[in-house]
There are 2 protein chains.
Amino acid sequence: MRFHERQRLAREQEIVSVARQLLASKGYHDTSMEQVAETVGISKATLYQHFPSKDDLVGRLIVEHLDRLLALLDSPADGAAPVERLAAALGLMVTVHTRGIGPELDTNAGAIRALVLDRPACRERYERVVTRLAALVAEGQAAGAIHPGLAAPVVVQAMFALSCAAGVVRGQRGDALDSATAGESVVRLFLDGVRRLPQPPSTFLRAERGSREGEAGATIAKTAGLS
Amino acid sequence: MRFHERQRLAREQEIVSVARQLLASKGYHDTSMEQVAETVGISKATLYQHFPSKDDLVGRLIVEHLDRLLALLDSPADGAAPVERLAAALGLMVTVHTRGIGPELDTNAGAIRALVLDRPACRERYERVVTRLAALVAEGQAAGAIHPGLAAPVVVQAMFALSCAAGVVRGQRGDALDSATAGESVVRLFLDGVRRLPQPPSTFLRAERGSREGEAGATIAKTAGLS
DNA sequence: GTCTATACTAAGATAGAC
DNA sequence: GTCTATCTTAGTATAGAC
C-alpha cells in the first residue's frame, strides 16, 4: 500500500517539475495540459486524476514559489537591514522566477492574477508576501536607508516586475551573458539605480558603495543570495 | 468617395482605441475579437474586414507604441545626458504603457513577443528601440554617469519590466496612489534605486540629488515627461 | 489507475444573404 | 459594407474499456 503512495507522490513531483519547466518557457496560455501530459509520458486523463484542473496544477507551482519567498521573509533578521532583506528577496525572485508566472502576476489583469486572487491558498500567501515586502520598505524608510519619496506599493511591484528582466535577457542571448551576471545587474539596479554620481565624494562612501565595481558586484551577489 | 474614406478611417481609429483599452485592462489572451466588435458596436465580420486577424490589430497597437518611443529617442538630444534621455523614455513607457502588451513583451515567451518577432513592421521597430536604449546605456557608462557594472541588455529589459509596475499599483488601489505619483516612483527607482545613503556627504550632492524629496520628485517627473 | 475516445466550450476566422 | 450563420481549431474535462 505504501509503495503505491510513494509512487504516486513521485509521479506528482514529476508532473509538477515538467509543468514548471513548460510554464517557464512558454507561459500560462501557451502551455496546454496535453503538452504537460505528453512530456511526462502519461495521458491527459491520468494527468487530470492528479490535478483536477489546470489551475490546480498552476496553483501548486505558485504556492511553492510563494512559500519559498515567505520562508526567506519570515526567517530571523539576524541583524540584516531592511534593504538587505529586500535585496535577498529579489535575488530569490530572480533566480527561481518562472517566466510564465511572474509577468502575469505583475499585470493586474491576466489569468494568473485571477487565479491567485481566486484561490485562498494562493491569495493568502501572495498577500502575506506583499505585506511583508511593503513593511520592509516602510522600515527602511523610517530608518533613512530608503528614499522616503518612493511609494512602498510601487517598490513591491517593481520587485515583481524586475524579477522577470534577467530571465528575458538569458532567453535572448546565448551564453554571452550568463544568468548570474544578469541577476546581479538586476539586484544592483534595484539597490542603486542606474545613475552613478560623477566622483565618489568621500572615502566612507567609496567603501560603502564600492569603488571597484567588481567588488561591489560580488558583495551584491552575496547579499542577494545569487550563486 | 472621399467621404467614405474618412468614415472608414474614423471607424478604424475607433476600433484601435477600443482595442487598446480592452487590451490594457484584460491582456492579450483575455481580450477576444468578439468583445472588441461588441464594444465598438459592429459585428465580428465587419471587424475582420478592417483587420484581417487579431494579430494585425494588436500589431497596429504595438507599432504605434514603438513609434512614439522612437520619435522620442530619435529627437535631437538638445544637450540632454544619456541618463536623462533614458529617464524620459521610461517616463513615456510608464504613461502610455498598455498592460496587455508590456508584460508579454518582457517575457521571452508569450504570444505578444512571438507576434513582435514575427511581423517585420513590429520586429524592426522593436529592435531599433532596444538598440537605441542599449546605446544610451553604453554612452552613459562611457561618460561615467551610469554604473559600469550593469549589463546594458539587462538595463533595457528592466525598463520594459518597470514600465508595468506603476500600472499594477493603480489597478490594485483605488485613488489612494494616483498614477502620476506611481510613475514618478518608478522613474526615480530606476535612476537612484531604493538605497539611500545615510547622510548627504556634500552640499554639491545635496543639490544634485535633492535634499527635500518633494523637489527631487518634481525634477524627476519633469525629466521623465510625467504630467 | 491508466489509457482511448469523445463531449463541450470558446475563440479565431469565413461564406453568403442583403 | 454590414450582418447572420457557420466552420475550424484547440484546449479543458470526462466516460468507459482494460
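Side chains are part of it too, since the values below use all heavy atoms of this structure and drop only hydrogens, waters and symmetry mates. The chains referred to below are lettered A, B, ... by the order of the sequence lines, with proteins before strands, and numbering in each begins at 1.
- Between R60(B) and E12(B) a salt bridge is recorded (basic side-chain N to carboxylate O distance below 4.0 Å).
- The aromatic rings of F160(A) and Y126(A) are tilted relative to each other, their planes meeting at an angle between 30° and 60°.
- Side-chain nitrogen and oxygen atoms of H50(A) include at least one within less than 4.0 Å of the OP1 or OP2 phosphate oxygen of dT2(C).
- When only modelled atom types and interatomic distance are considered, Y28(A) and D55(A) share a side-chain donor-acceptor pair under 3.5 Å.
- Using a 4.0 Å cut-off, no side-chain N or O of R11(A) falls inside it from OP1 or OP2 of dG1(C).
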Counting primed atoms, P, OP1 and OP2 as sugar-phosphate and everything else as base, the B/S/- map of nucleotides 11-18 of chain D against protein heavy atoms under 4.0 Å is SBBBB---
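- One finds a salt bridge joining R20(B) and E64(B) here, because a Lys/Arg side-chain nitrogen approaches an Asp/Glu carboxylate oxygen to under 4.0 Å.
- The side chain to side chain donor-acceptor pair (under 3.5 Å) test applied to S43(A) returns T46(A), not counting sequence neighbours.
- Between the side chain of E184(A) and the backbone N or O of G149(B), no donor-acceptor pair lies under 3.5 Å.
- Note: CD (E12(A)) to P (dG1(C)) measures 12 Å, nearest angstrom.
- To the nearest angstrom, C1' of dT4(D) lies 15 Å from CD1 of I42(B).
- At least one side-chain nitrogen or oxygen of T46(A) sits closer than 4.0 Å to the OP1 or OP2 atom of dC3(C).
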